[in-house]
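Here is the naming used below: chain letters follow the sequence lines, and residue numbers restart at 1 for every chain.
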Protein chains: 6
Amino acid sequence: MFFHRQELQHTVKPERPDAVYARKLQEVLGGQYGEITVAMQYGFQSWNAHMPGKYRDLLYGIGAEEMGHVEMLATMIAQLLEDAPLGVTEGAMQNDPTVAAIIGGTDPQQAIVSGAGARPVDSNGNPWNAGYVTASGNMLADFTANANAEMQGRVQVARLYHMTDDPGVRDLLSFLLARDTMHQNQWIAAAQELREEGVEDLPVPSTFPLGKEERAVSYQYINFSDGQAAAEGSWASGPTPDGKGEFEYVAEPPAGVPAPPPTNPDVRFHGT
Amino acid sequence: MFFHRQELQHTVKPERPDAVYARKLQEVLGGQYGEITVAMQYGFQSWNAHMPGKYRDLLYGIGAEEMGHVEMLATMIAQLLEDAPLGVTEGAMQNDPTVAAIIGGTDPQQAIVSGAGARPVDSNGNPWNAGYVTASGNMLADFTANANAEMQGRVQVARLYHMTDDPGVRDLLSFLLARDTMHQNQWIAAAQELREEGVEDLPVPSTFPLGKEERAVSYQYINFSDGQAAAEGSWASGPTPDGKGEFEYVAEPPAGVPAPPPTNPDVRFHGT
Amino acid sequence: MFFHRQELQHTVKPERPDAVYARKLQEVLGGQYGEITVAMQYGFQSWNAHMPGKYRDLLYGIGAEEMGHVEMLATMIAQLLEDAPLGVTEGAMQNDPTVAAIIGGTDPQQAIVSGAGARPVDSNGNPWNAGYVTASGNMLADFTANANAEMQGRVQVARLYHMTDDPGVRDLLSFLLARDTMHQNQWIAAAQELREEGVEDLPVPSTFPLGKEERAVSYQYINFSDGQAAAEGSWASGPTPDGKGEFEYVAEPPAGVPAPPPTNPDVRFHGT
Amino acid sequence: MFFHRQELQHTVKPERPDAVYARKLQEVLGGQYGEITVAMQYGFQSWNAHMPGKYRDLLYGIGAEEMGHVEMLATMIAQLLEDAPLGVTEGAMQNDPTVAAIIGGTDPQQAIVSGAGARPVDSNGNPWNAGYVTASGNMLADFTANANAEMQGRVQVARLYHMTDDPGVRDLLSFLLARDTMHQNQWIAAAQELREEGVEDLPVPSTFPLGKEERAVSYQYINFSDGQAAAEGSWASGPTPDGKGEFEYVAEPPAGVPAPPPTNPDVRFHGT
Amino acid sequence: MFFHRQELQHTVKPERPDAVYARKLQEVLGGQYGEITVAMQYGFQSWNAHMPGKYRDLLYGIGAEEMGHVEMLATMIAQLLEDAPLGVTEGAMQNDPTVAAIIGGTDPQQAIVSGAGARPVDSNGNPWNAGYVTASGNMLADFTANANAEMQGRVQVARLYHMTDDPGVRDLLSFLLARDTMHQNQWIAAAQELREEGVEDLPVPSTFPLGKEERAVSYQYINFSDGQAAAEGSWASGPTPDGKGEFEYVAEPPAGVPAPPPTNPDVRFHGT
Amino acid sequence: MFFHRQELQHTVKPERPDAVYARKLQEVLGGQYGEITVAMQYGFQSWNAHMPGKYRDLLYGIGAEEMGHVEMLATMIAQLLEDAPLGVTEGAMQNDPTVAAIIGGTDPQQAIVSGAGARPVDSNGNPWNAGYVTASGNMLADFTANANAEMQGRVQVARLYHMTDDPGVRDLLSFLLARDTMHQNQWIAAAQELREEGVEDLPVPSTFPLGKEERAVSYQYINFSDGQAAAEGSWASGPTPDGKGEFEYVAEPPAGVPAPPPTNPDVRFHGT
Ligand SMILES: [Ca+2]
Ligand SMILES: [Ca+2]
Ligand SMILES: [Ca+2]
Ligand SMILES: [Ca+2]
Ligand SMILES: [Ca+2]
Ligand SMILES: [Ca+2]
């Protein structure tokens with residue numbers, strides 16, 4: 001069960017309206033790596049979890065925080081739009097380049113559709129969709145997905161930080177950046193703990209019998225391009241992170257096998 | 001530039017037709033973590049890379065291999081469909097439960113749209129879309145995304161392995177599983193090397209000045225659920241993976257701040 | 001059957017080109033509540049209707065009008081684009097802030113893809129999709145959906161009215177506003193008539209036996225937030241609109257029940 | 001802020017596994033009118049609200065409940081899948097029509113992608129997307145959208161009730177049906193209260209000056225089909241629900257106006 | 001303006017219910033090349049046309065017919081579903097393989113969402129979207145798109161013809177096949193006429209000055225694969241269809257040019 | 001198998017940064033008719049081909065070239081963004097109309113998401129999706145689709161040519177225009193050769209027995225609009241391109257047939 005309290009985790013108060021920035025901020029609300037994504041992702045991971053205890057509690061404990069981040073960003077966007085020029089004017093403002101420049105960078109749907117409100121979309125107006133969510137039932141894979149999500153999210157918030165000098169907006173971003181710092185660290189720690197406790201291991205899924213994969217190519221770097229610098233990396237020689245092999249560098253792909261003949265399906269498919 | 005050779009990296013030859021399985025196999029061809037995703041993802045990461053050398057060569061070197069995996073899976077699917085019942089029959093087959101059962105599990109578009117051919121969609125027929133791709137320009141974030149993609153992909157292939165006993169199909173899957181093993185290991189190694197070489201570090205992006213984030217909450221686990229088991233994890237006390245702090249467990253969220261008053265935009269938005 | 005006549009229901013003649021506005025107008029052509037939506041929605045409701053007579057005739061009678069509205073908006077957009085700056089210029093116009101400001105607010109696909117023509121997309125360029133359509137086979141539900149669609153549509157047209165002072169554009173909008181006024185009134189009247197004639201009733205679907213729902217919670221407002229003002233509303237006490245109960249205010253959610261233990265599926269799913 | 005408690009609002013315990021039904025149940029979790037939709041819809045309406053007090057408290061108070069409904073359905077689906085045949089078998093089960101029949105009706109991604117877990121998708125596997133959400137900033141329009149959403153949702157749950165005889169599943173559905181009954185009634189009451197209090201009125205938005213719309217056609221039913229039965233309805237004569245006019249029946253559309261000549265844009269668009 | 005008449009262009013009467021086939025038929029109603037696509041495509045092409053007269057009249061004249069095809073298919077689907085098993089049963093039918101086999105092949109949303117009605121989706125339940133529509137403003141390009149659409153559509157209808165033996169369904173399909181025959185022929189004729197009249201020519205757009213393209217590679221077949229059979233085709237030697245050159249076969253791509261160095265954007269993008 | 005070489009087919013070097021143009025160029029990279037589309041389309045057509053030899057070699061031979069075009073455009077876009085204003089500034093640049101005008105026309109995700117990199121999206125930020133791909137297994141249909149794709153693509157590149165005066169950008173476009181010229185010619189030649197060799201013929205699919213379609217309407221132009229100019233076209237009289245009939249002009253649609261009565265499905269669907 002979820003409960004709501006009419007408070008925010010952090011102050012949300014821009015110094016001045018900024019409709020162009022309100023559009024940009026949509027990215028970390030409703031984009032691929034926005035707050036809706038992590039809220040839903042941690043939610044589905046918790047509901048599909050197969051073990052009670054600390055890992056599931058971790059998912060529950062953070063998932064609800066992320067819903068609050070959704071709320072904070074929506075609240076910020078609505079305020080940035082409150083007194084901003086959104087194309088609703090007395091006269092033909094599009095002849096004034098200063099105003100027109102602002103209008104040009106705004107999201108028209110924030111004006112026409114939501115009436116100066118936030119929307120569940122990204123900075124280009126693409127509706128959020130659940131194709132962004134990862135919840136496989138395998139926690140080592142999923143916690144790696146989560147670490148990535150917090151990294152991508154923090155990169156985006158950092159970029160957004162440089163796109164405004166509004167102290168109120170920056171104050172909120174500094175809070176979100178810190179929470180992303182925490183969540184990056186925590187998913188990395190949790191992924192490590194899964195391995196140390198033997199819950200899961202590399203290669204994921206470790207429960208699939210290695211004998212059933214074609215081990216001859218399990219640790220070969222096969223180079224399908226013509227640069228050779230990749231041979232210098234730790235992924236080209238030496239022990240592998242899964243502790244089960246040695247990397248090998250193969251400078252050119254070995255000869256392949258002939259492709260099978262083309263298929264010839266039922267004539268009533270009317271192929272050629 | 002890309003070049004094509006009319007060979008395959010591995011034999012692609014099912015023992016018998018199986019249209020139900022052909023549908024399932026679409027997942028790792030055109031799904032969220034299918035081969036199209038990794039081919040495009042490594043491609044865009046390489047074209048957007050900011051450093052010449054081993055990291056970019058690594059992206060080039062694997063990206064082209066993944067395009068070949070797309071081709072192998074498409075070839076396998078076309079063969080699985082070649083002589084399979086797809087609803088094209090002389091009579092009213094839908095009264096025969098045996099045949100109907102097979103038809104029921106197939107992808108109707110593999111019959112109607114592609115005429116017994118593979119399609120760039122997942123196992124539910126959702127068209128592949130570029131919302132699956134991650135390419136941020138930050139390699140530590142992106143390599144973590146890549147490690148996740150290879151983990152998710154290997155989990156899916158492992159599941160698919162148990163859904164058939166066709167030795168020809170399993171032979172191809174055993175090859176793909178091994179390549180996923182390699183690619184998991186390699187992205188993990190490369191991410192580690194980025195840190196060791198000081199190219200990037202935690203928290204990502206490390207180039208954002210920590211002093212600008214609200215450090216008081218950078219290492220706090222704030223528990224927004226009522227389970228307490230998460231306190232037992234390594235993410236709740238002790239040093240953080242970024243080496244810059246100590247985890248702290250906060251059993252209940254601190255009091256929030258009042259939300260700002262509702263916005264009151266221009267009357268010509270006709271809000272209420 | 002549908003027939004076309006080369007006339008328009010109302011004059012469509014802007015006074016001057018305006019590419020920025022042409023983009024905005026796409027919202028009520030190809031957006032969530034644009035004319036394509038209502039044309040398709042009334043169409044599918046009529047084709048799936050289960051009763052001949054006045055309700056189905058109503059759907060038929062308006063559906064075809066809406067297709068004409070699609071045509072009027074497309075015609076208007078093409079004219080707004082006809083002589084507008086769309087980025088096709090002799091020189092490097094992007095150094096001129098006045099022109100650049102205009103360009104910045106336009107839809108690049110109206111230039112590159114349709115060559116100064118209208119497109120079946122919204123004001124952010126999202127293609128129209130059938131996920132906007134509602135046609136459940138239950139007319140009370142669907143007429144409520146229709147009333148909502150005409151309300152949302154009229155709100156959007158009203159906002160667009162304030163974003164231009166072109167008398168030709170406003171003339172068309174004043175016509176569309178009036179038709180939305182009519183259609184709002186009519187769907188509300190039709191929904192009411194369904195109830196008065198006993199075709200359907202609240203709660204929808206009224207044909208589902210109330211005894212099979214958990215009546216103890218059928219009229220309880222259960223407050224999952226911490227504000228108490230909702231207790232003042234007519235939804236918190238007094239008779240319910242369906243005439244079958246009394247509203248009750250429950251200030252805090254009652255204790256829940258324990259969640260079931262986590263699932264433990266087949267090991268071959270390789271979960272953790 | 002949102003908080004989570006590890007309890008459910010109602011018992012979630014199916015009597016037996018049923019993977020076919022688990023797929024169907026996805027509709028009311030992640031479909032157009034599923035629980036994710038109402039959770040997000042009430043959330044965005046509350047964050048964009050322009051008035052403090054009872055209406056906003058109502059949105060807050062129910063929004064969080066809907067997040068709990070998301071959780072209950074996800075939990076139910078995971079249990080229905082727990083011991084169900086999902087295509088992971090020792091041998092070639094697809095030759096056995098009984099098992100194949102079951103497999104044919106299941107969602108392959110519930111097996112391959114989530115490993116017997118729930119997903120944020122509908123019963124055809126379409127990812128949930130924010131194009132389903134309505135939040136215009138106009139409460140009379142939005143509450144009508146909400147009433148529709150609860151009607152559509154209750155129709156779908158009622159249909160799903162007849163598609164199973166599992167007493168545990170039906171027990172949960174009987175609870176959800178009752179809550180939908182409540183929420184239908186409440187949004188209808190709240191919409192009525194908005195009008196009675198003069199916050200908003202018909203036609204929505206009532207704040208747009210009627211004098212600016214083309215009043216001559218504001219109450220005309222114009223029949224674009226050839227059935228005449230619609231003339232019998234209350235929408236064809238008599239006073240209009242907005243109290244501002246009289247319906248008029250126009251049996252055939254009046255003659256239109258000539259369409260403007262085709263546009264002739266810049267030659268560099270290379271049109272024909 | 002569009003007008004509706006309560007008649008159909010052809011009889012629509014299946015002999016018996018068939019829910020599995022009702023799902024398949026959705027493809028040519030709401031799929032990539034279904035009737036909604038051509039109705040919208042011809043509509044937008046006509047509204048964006050730049051010449052009055054025969055070409056635009058042709059688009060108008062067929063566009064409205066296609067809307068009638070949408071209606072016929074929706075009507076057929078509703079009838080196929082009318083008395084079909086859709087999972088709504090007294091008891092636990094999923095244990096009976098005969099019934100389960102049927103259920104397995106049906107579209108659950110035709111039952112749950114539309115209540116045995118047609119939907120604006122394809123045979124996998126993907127909502128129709130306007131990304132399927134082509135309307136560039138260049139008629140030679142667009143008529144080629146139209147010829148393709150009618151070919152793809154006729155291929156799909158032909159395949160569907162072999163998937164049923166219901167004489168009523170086949171009777172409708174035989175009508176649609178004939179209309180597709182007509183429309184294929186007509187777009188090919190119209191494309192030819194555009195060239196003969198000098199309205200447009202190859203290469204499209206012919207109005208772009210050929211001197212501005214790199215003519216040295218305008219007629220070279222450059223072979224990026226290792227098969228050599230393509231050298232045998234009429235596209236490898238001899239005059240080109242545009243009448244402006246001679247095809248040339250280049251067996252291997254010439255050496256490329258070095259890629260530019262990687263980009264090095266502002267440090268505040270926090271790339272690596 | 002695919003191989004990559006670290007060269008480009010043509011020089012890719014803009015003279016100066018231009019973020020507005022970088023956004024526009026996304027259209028021909030990741031739009032409906034961008035390079036990703038043709039790369040994937042020719043790929044799936046080759047993998048699903050049913051004949052070895054020249055036609056399949058043609059598909060292979062060009063498909064890989066198109067992947068190289070994807071790379072060239074991505075490389076160009078990254079360079080156009082390298083030193084461009086993207087909203088990352090020291091101060092509040094949005095008050096400077098010159099800069100703001102530029103920003104307003106850029107893609108915010110090229111800054112926030114990819115950090116001044118290219119993305120697999122179109123010029124409005126819509127992610128590329130596989131609904132753009134055509135691969136039916138019927139080569140005459142598919143080659144017509146390919147001819148259309150190259151025409152649409154060349155129209156778009158031609159329009160883009162007029163939107164810049166950067167000689168470096170124009171140099172790349174002049175190369176792409178020439179390749180589009182080639183590919184248009186070649187698909188037209190190949191389609192013609194399919195007919196001449198009797199592999200396939202009009203109407204597509206020619207393998208469907210004409211006797212099974214309703215021949216009475218196979219060559220009738222039935223005019224569903226009220227313009228009469230279409231009677232003047234070659235599609236209204238004379239021999240048909242398939243060589244199997246004579247066009248006939250029908251100035252008004254013949255009377256239709258009565259629609260069947262509305263359906264009346266199971267009461268448990270709770271329709272009205
Ligand atoms: Ca967050
Ligand atoms: Ca792979
Ligand atoms: Ca309308
Ligand atoms: Ca609910
Ligand atoms: Ca048709
Ligand atoms: Ca190309």
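- When all heavy atoms of F269(E) and R159(A) are compared, the pair lying nearest together is O-NE, 2.7 Å.
- Of the possible donor and acceptor atoms, none in the side chain of R268(A) sits under 3.5 Å from a partner among the backbone N and O of H162(E).
- Here NE2 of H270(E) is found 10.0 Å from OH of Y161(A). Values are rounded to the nearest 0.5 Å.
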